[in-house]
Participant: 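Here it is: the structure, laid out below.
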Amino acid sequence: MELPAQIDFDRNPPIATSDYDKTVRMVLPGYEAMQMMGLSVLKSQLPSTANLLVVGAGTGIELIKYAQSCPGWQMLGVDPSADMLAIAQSKIQQHQYGQRIQLVTGYTQDLPTTTLYDAATSILVMHFIPDDGAKLGFLQAIAARLQPSANLILVDVFGDKNTPEFTTNLDYIKHYWQEMGLPAQKSEELIEIMHHSVYPIPETRLFDLFTEAGFTFPHRFYTGFWVGGWVAKKI
Ligand SMILES: C[S@@+](CC[C@H](N)C(=O)[O-])C[C@H]1O[C@@H](n2cnc3c(N)ncnc32)[C@H](O)[C@@H]1O
């Protein structure tokens with residue numbers, strides 16, 4: 001299958017929008033557990049009333065999960081995909097969370113810096129951004145909108161594509177997808193996306209970017225084959 005060198009994720013999310021909630025749970029090892037771990041990390045650090053920034057909110061999976069668990073939290077979800085946010089908006093209406101969850105179609109850097117958040121999340125987002133200064137800019141835009149000591153939860157595919165470890169994980173994941181019942185064609189599409197439009201970096205590079213963007217104490221709380229989850233603190 002021929003794919004463009006760089007997919008425009010505003011119009012072409014990596015997984016078909018209508019299938020997203022079902023597919024992501026098949027594709028990402030331990031997706032539900034990862035989301036619960038991220039929530040647990042946040043709950044351990046935040047008071048019962050807090051203001052969260054959810055970057056790459058997508059179909060609203062983490063927004064709804066956090067709202068259900070933490071009635072005192074207010075949230076802003078930002079995402080460039082209007083299609084993904086339309087699904088999030090319908091869930092917000094269904095759960096009557098309109099007073100607590102706002103959505104913005106766009107990028108973090110479009111948000112004003114007058115509101116500083118008590119925590120932020122970026123779950124399965126930054127790996128779509130190249131490491132040519134854009135990943136750093138992405139993290140800096142989040143840091144500029146956080147209170148001092150606020151935590152950032154970041155979950156991404158990670159590693160060095162040119163290492164045997166990465167190739168081995170690729171092999172593991174193909175078998176995992178097969179075991180999960182993912183159709184072979186979908187598996188091939190995802191591998192193509194991985195090769196062309198996902199920009200994983202080794203953990204050491206991630207920690208350097210955290211430092212440069214103004215975060216400290218990075219700590220990995222989750223690993224699912226090639227996907228890692230970290231918490232880091234805004235200085
Ligand atoms: C794989 S989905 C993750 C959705 C959700 N966070 C989850 O965990 O299921 C990635 C989302 O990031 C969004 N996205 C892509 N680039 C982004 C950027 N630079 N800033 C914010 N969101 C972005 C996409 O539109 C998409 O909705």
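One-based numbering, in listed order, for ligands and for the atoms of each. As the structure is a prediction and not an experimental result, all values here were calculated from the model.
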Participant: Could you tell me whether Val54 approaches ligand 1 through its side chain, its backbone, both or neither, with non-hydrogen atoms closer than 4.0 Å?
Facilitator: neither
Participant: When you measure from the heavy atoms of Val55 to every atom of ligand 1, does any distance fall below 4.0 Å?
Facilitator: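 It does, in that a heavy atom of Val55 comes within the 4.0 Å cut-off of ligand 1.
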Participant: Closer than 4.0 Å to some heavy atom of Gln35 - which atoms of ligand 1 meet that?
Facilitator: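 Under 4.0 Å from Gln35, ligand 1 has these atoms: 8 (O).
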Participant: Show the nearest heavy-atom pair for residues His95 and Gln68, with the distance to one decimal.
Facilitator: NE2-NE2, 3.5 Å
Participant: Give the single entry among Val155, Leu28, Val125 that approaches atom 12 (O) of ligand 1 most closely by any heavy atom.
Facilitator: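 It is Val125 that holds the nearest heavy atom.
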Participant: Can Asp21 and Lys91 be counted as an ion pair, charged N to O under 4.0 angstrom?
Facilitator: yes
Participant: Ring centres under 6.0 Å, that's the criterion: do Phe158 and Trp230 meet it?
Facilitator: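 Yes, they do, as the ring centres are separated by less than 6.0 Å.
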Participant: Would Ile123 count as a polar contact of ligand 1, with the cut-off being nitrogen or oxygen pairs under 3.5 Å?
Facilitator: yes
Participant: I'd like to check which ligand 1 atoms, numbered from 1 as shown, lie under 4.0 Å from a non-hydrogen atom of Tyr107.
Facilitator: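 Going through ligand 1 atom by atom, the ones under 4.0 Å from Tyr107 are 18 (C), 19 (N), 20 (N).
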Participant: If you measure from CG on Asn51 to CG on Leu76, what distance do you get to the nearest 0.5 Å?
Facilitator: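 Answer rounded to 0.5 Å: 8.0 Å.
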Participant: Please say whether Phe128 places an N or O atom under 3.5 Å from an N or O atom belonging to ligand 1.
Facilitator: no
Participant: Does a donor on one side chain sit under 3.5 Å from an acceptor on the other, for Glu165 and Trp226?
Facilitator: no
Participant: Regarding atom 13 (C) of ligand 1: of the candidates Asp79, Thr121, Thr108, Thr59, which has the closest heavy atom?
Facilitator: Asp79
Participant: I'd like to know if Met126 contacts ligand 1, where contact means a heavy-atom distance under 4.0 Å to any ligand atom.
Facilitator: no
Participant: Return yes if a side-chain donor-acceptor contact under 3.5 Å exists between Ser149 and Lys234, otherwise no.
Facilitator: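 The criterion, which ignores hydrogens and geometry beyond distance, is not satisfied for Lys234 and Ser149.
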Participant: Taking 4.0 angstrom as the limit, do Lys174 and Glu188 come out as a salt bridge?
Facilitator: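 No salt bridge links Lys174 with Glu188.
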Participant: So between Gly137, Gly77, Pro80, Ala82, whose heavy atom ends up nearest atom 23 (C) of ligand 1?
Facilitator: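 Nearest option to atom 23 (C) of ligand 1, by heavy atoms: Pro80.
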Participant: If every non-hydrogen atom of Thr108 is compared with every non-hydrogen atom of Arg145, which pair is closest and at what distance?
Facilitator: O-NE, 3.1 Å
Participant: For Ile129, counting its heavy atoms only, list the atoms of ligand 1 lying under 4.0 Å from any of them.
Facilitator: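 It comes down to these atoms of ligand 1: 19 (N).
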